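To start, the structure itself, in structure tokens.
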Number of protein chains: 2
Amino acid sequence: MKIGELSKVTGCSVQTIRHYEKEHLIASAERSEGNFRLYDEAAVEQLLFIKHCRSLDLSLPEIRQLLALNRSPGAQCDDVNRMMDRHIEQVEARIQELTRLNEQLRMLRRSCSNRRTVEQCGILRNLSATPVSSG
Amino acid sequence: MKIGELSKVTGCSVQTIRHYEKEHLIASAERSEGNFRLYDEAAVEQLLFIKHCRSLDLSLPEIRQLLALNRSPGAQCDDVNRMMDRHIEQVEARIQELTRLNEQLRMLRRSCSNRRTVEQCGILRNLSATPVSSG
DNA sequence: ATAAACTCTATAACAACTATAGAGTCAATC
DNA sequence: GATTGACTCTATAGTTGTTATAGAGTTTAT
Ligand SMILES: [Zn+2]
Ligand SMILES: [Zn+2]
Ligand SMILES: [Zn+2]
Ligand SMILES: [Zn+2]
């Protein structure tokens with residue numbers, strides 16, 4: 001299987017696959033006589049694993065760590081858990097941050113009722129005022 | 001006022017201020033005899049405006065647009081409103097996305113109860129399985 | 001005169017891709 | 001056998017909003 005087919009099968013772009021190889025998320029593929037990368041089913045599996053992780057916003061270094069653990073099946077999985085906990089924390093922190101932001105944005109948006117000139121625009125006036133101290 | 005003082009007063013780093021100048025968010029500062037940038041109170045105001053916008057996650061192009069509108073006080077402020085609406089939409093979309101993500105992460109996290117070996121780790125097993133189709 | 005603290009420009013790094021350019025490979029057609 | 005088209009290769013730059021350098025120049029104080 002050449003890289004184009006792997007791309008179709010997995011839904012990862014060709015460049016992304018090459019990028020993952022350069023970043024050592026997948027092993028360097030064997031090459032054909034004409035220097036084309038060649039892949040097998042194992043590559044499909046691994047790429048889908050990576051894609052799944054990415055869909056959960058895990059970073060490439062985090063995924064690299066998970067892949068390494070996956071390769072040493074005897075190890076304890078405390079490391080995996082710690083990583084997941086930290087990652088979940090960060091996601092939740094980001095949600096809180098965006099939620100606070102959203103409230104401020106909606107409040108700001110309410111301060112303009114269209115059809116005004118910029119001069120009287122509550123949005124711009126509020127943006128010009130000293131920002132709300134936000135931690 | 002030189003750039004270091006402006007930085008202290010506004011809380012923007014020196015590099016950030018130079019960056020904003022390059023990106024035309026603030027006008028090119030006048031220079032001293034020794035080629036140092038010189039600022040006045042208006043620069044402080046404008047930088048605080050930008051900082052306030054950034055704290056709301058408005059992008060630099062968006063801020064550039066707001067600043068331009070601010071400079072033409074006769075214009076209608078429909079543009080401002082449209083931008084804010086779009087921005088709010090995006091923030092809310094991101095919140096939803098992260099919330100869904102968070103649920104999946106927590107579910108995944110529950111599939112491992114520590115002290116197991118990686119081989120039996122529910123997290124890694126689930127990550128290896130075909131991802132949940134997520135729109 | 002010299003040192004410390006500041007400023008200048010230009011450039012690279014960050015994350016995770018995406019998009020080019022320019023060259024090479026392969027299969028099929030004429 | 002030459003040409004076309006689809007594919008692949010490497011290398012490089014762009015995305016976003018900073019942050020961090022390097023190496024040089026300026027100002028202020030001692
Ligand atoms: Zn993470
Ligand atoms: Zn308005
Ligand atoms: Zn926006
Ligand atoms: Zn586990």
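Numbered from 1 within each chain, the chains take letters A, B, ... in sequence-line order. As the structure is a prediction and not an experimental result, all values here were calculated from the model.
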Quick check for you: among [options], whose closest atom lies nearest to any side-chain atom of [X]?
| X | options | value |
| --- | --- | --- |
| B/Pro61 | D/dA20, D/dG17, C/dT18 | D/dG17 |
| A/Leu60 | C/dT18, C/dA16, D/dT19 | C/dA16 |
| B/Phe36 | C/dC26, C/dC17, C/dC8 | C/dC8 |
| B/Lys22 | D/dT21, C/dC8, C/dT11 | C/dT11 |

Figure out the [atom1]/[atom2] separation between [X] and [N], and round it to whole Å.
| X | N | atom1 | atom2 | answer |
| --- | --- | --- | --- | --- |
| B/Glu33 | D/dT26 | CD | P | 11 Å |
| A/Ile50 | C/dA15 | CD1 | C1' | 16 Å |
| A/Glu30 | D/dC9 | CD | P | 14 Å |
| A/Glu5 | D/dA6 | CD | P | 18 Å |
| A/Glu21 | D/dT8 | CD | P | 14 Å |
| A/Asn35 | D/dT10 | CG | C1' | 9 Å |
| A/Tyr39 | D/dC7 | OH | C1' | 14 Å |
| B/Leu38 | C/dC6 | CG | P | 16 Å |

Under 4.0 Å from OP1 or OP2 of [N]: is there any side-chain N or O of [X] that close?
| X | N | value |
| --- | --- | --- |
| B/Arg31 | C/dT9 | yes |
| B/Thr16 | D/dT19 | yes |
| B/Ser59 | D/dT16 | no |
| A/Ser13 | C/dT18 | yes |
| B/Tyr20 | D/dT18 | yes |

- Look at B/Asp85 together with B/Arg82 and state whether they make a salt bridge at an N to O cut-off of under 4.0 Å.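 Salt bridge between B/Asp85 and B/Arg82, a charged N being under 4.0 Å from a carboxylate O: no.
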
- Message: Heavy atoms only, 4.0 Å cut-off, all strands: where does A/Arg54 land among base, sugar-phosphate and nothing?
- Response: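 Contact class for A/Arg54: sugar-phosphate only.
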
- Query: A/Arg37 near the nucleic acid: base, sugar-phosphate alone, or nothing, with a heavy-atom cut-off under 4.0 Å?
  - Reply: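 Touches sugar-phosphate only.
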
- Item | First of A/Gly34 and A/Arg18 reached from the 5' end of DNA chain C, by closest nucleotide |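 Its nearest nucleotide being more 5', the pick is A/Arg18.
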
- Item | Earlier contact from the 5' end, DNA chain C, for A/His19 and A/Ser32 |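 By nearest-heavy-atom nucleotide position, the 5'-most residue is A/His19.
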
Heavy-atom closest pair, residues [X] and [Y]:
| X | Y | answer |
| --- | --- | --- |
| B/Arg54 | B/Leu58 | NH1-O, 2.7 Å |
| A/Cys53 | A/Leu66 | SG-CD1, 4.0 Å |
| B/Ser111 | B/Asn126 | OG-ND2, 3.2 Å |
| B/Phe36 | B/Lys2 | CD2-CD, 3.5 Å |
| B/Gln46 | B/Ile26 | CG-CG2, 4.1 Å |

- Task: By nearest nucleotide on DNA chain D, pick out whichever of B/Lys2 and A/Ile3 is the more 5' one.
- Result: A/Ile3

